[in-house]
Protein chains: 2
Amino acid sequence: MNQVEIAEKLSAKGMRVTPQRIAILGAILKLNNHPTAENIIEYIKINHPNISIGTVYKVLDSFVENHLLKKVKTEGGIMRYDPLPFNHHHLYCEETDRIEDYEDQTLDELIIDYFEKKGIKNFTIQNIQLHITGKFKH
Amino acid sequence: MNQVEIAEKLSAKGMRVTPQRIAILGAILKLNNHPTAENIIEYIKINHPNISIGTVYKVLDSFVENHLLKKVKTEGGIMRYDPLPFNHHHLYCEETDRIEDYEDQTLDELIIDYFEKKGIKNFTIQNIQLHITGKFKH
DNA sequence: TACTAAATGAGAATGATTCTCTTCTAAGAC
DNA sequence: GTCTTAGAAGAGAATCATTCTCATTTAGTA
């Protein structure tokens with residue numbers, strides 16, 4: 001996704017298009033590894049040494065608010081970010097701290113069907129996400 | 001679970017039985033809401049005002065290492081803890097920050113069967129956990 | 001081109017967690 | 001029951017991740 005496309009995404013969300021925001025969203029898409037704020041800061045420092053840490057945190061928050069990003073569920077401590085807007089699942093490797101997206105429409109349908117029939121007492125489901133832990137083979 | 005049972009659990013894991021450890025694990029079981037370290041500290045301060053914050057963090061870490069607790073997957077920032085040792089799923093209410101355990105053996109079998117047949121390319125599955133977000137009705 | 005509300009930069013502040021060093025104690029040996 | 005000691009705890013400093021504050025800059029509209 002190039003800068004023009006990113007700018008369009010921002011506009012579409014009613015957000016001002018600033019070089020910092022383009023850089024930050026671009027970094028996340030390029031890194032493509034559910035990065036932490038620190039990963040993102042390190043990455044953009046190369047081409048944008050003047051973007052401040054506070055700005056990165058504020059921009060990330062505004063992206064989450066505007067549904068351009070989602071925070072990844074991890075075991076706490078440090079936030080990680082996910083640019084994929086549509087629902088998907090995650091593969092976690094605890095050894096390497098690597099998180100990969102996992103999409104499986106057949107399984108989605110299976111689970112959605114199951115809960116349409118069964119439901120959960122006293123609970124209205126809004127989203128279902130699988131977190132699969134294990135090991136990557138490479 | 002009373003103090004004797006907690007002590008037995010600690011012994012069974014080869015851990016020294018100390019009043020602090022009994023108090024901390026007891027608090028988590030009593031709170032029964034995937035508490036943060038701060039929640040736990042506040043709770044045990046009532047009956048154990050001298051247990052230090054550093055101790056609580058160290059004890060929590062040792063419980064995780066010894067499989068007495070698991071860290072809950074959340075969207076980062078603050079760690080929460082889960083005393084249930086066997087696999088289960090979680091219901092998340094983002095409005096209230098409430099997390100409830102969800103067990104569904106039928107669904108477990110369905111998903112395990114599915115992955116036994118299908119598998120995931122380049123990935124060895126170790127555990128599958130559902131994270132269901134939505135709203136509690138009370 | 002001018003204007004201004006929104007965004008950014010920079011660094012201080014905050015909160016959550018980890019670290020360090022001294023003191024205490026659980027549990028094993030006798 | 002006493003002694004010993006490795007492991008645990010207490011206390012507070014240190015670190016880290018994130019948030020806050022205020023002055024300055026700027027995107028986008030008129």
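Residue numbers begin at 1 in each chain, while the letters A, B, ... track the order of the sequences.
Fit an axis to the five pairs at each end of the helix from C:dT1-D:dA30 to C:dC30-D:dG1 and the two axes sit 40° apart, to the nearest 10 degrees.
Residues forming a side-chain hydrogen bond (donor to acceptor under 3.5 Å, both in side chains) with A:H48 (at least two apart in sequence, or on another chain): none. Remark: A:H131 engages A:Y92, B:H131 in a ring-ring contact (aromatic ring centres under 6.0 Å, His included) (not counting sequence neighbours).
Annotation: salt bridge (Lys or Arg N to Asp or Glu O under 4.0 Å) contacts involving residues 124-137 of chain A, sequence neighbours excluded, comprise A:E95-A:K135. Applying the side chain to side chain donor-acceptor pair (under 3.5 Å) definition to pairs two or more places apart or across chains, those involving residues 53-66 of chain B are B:S52-B:T55. Listed by first then second residue, pairs satisfying side chain to side chain donor-acceptor pair (under 3.5 Å) with a partner in residues 6-20 of chain A read A:T18-A:Q20, not counting sequence neighbours. The list of ring pair (Phe, Tyr, Trp, His ring centres under 6.0 Å) pairs with a residue in residues 21-46 of chain A, not counting sequence neighbours, reads A:H34-A:H90.
DNA chain C lies under 4.0 Å from at least one heavy atom of each of the following residues of residues 38-55 of chain A: A:N50, A:I51, A:S52, A:T55. Contacts of residues 56-71 of chain B with DNA chain C (heavy atom under 4.0 Å): B:Y57, B:K58, B:D61.
Residue order along DNA chain C, read from the 5' end via each residue's closest nucleotide, puts B:G77 first among B:G77 and B:P19.
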Between the protein and nucleotides 27-30 of chain C, list every N/O to N/O distance that falls short of 3.5 Å.
| from | atom 1 | to | atom 2 | distance (Å) |
| --- | --- | --- | --- | --- |
| C:dA27 | OP1 | B:V17 | N | 2.6 |

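One finds no side-chain N or O of B:Q20 lying less than 4.0 angstrom from the OP1 or OP2 phosphate oxygen of C:dC24.
When DNA chain D is scanned in the 5' to 3' direction for atoms under 4.0 Å from non-hydrogen atoms of chain B, the outermost contacting nucleotides are D:dA6 to D:dA11.
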Side-chain polar contacts of residues 118-126 of chain A - donor-acceptor pairs under 3.5 angstrom, sequence neighbours left out - could you list them?
| from | atom 1 | to | atom 2 | distance (Å) |
| --- | --- | --- | --- | --- |
| A:K118 | NZ | A:Y114 | OH | 3.4 |
| A:K118 | NZ | B:D104 | OD2 | 3.0 |

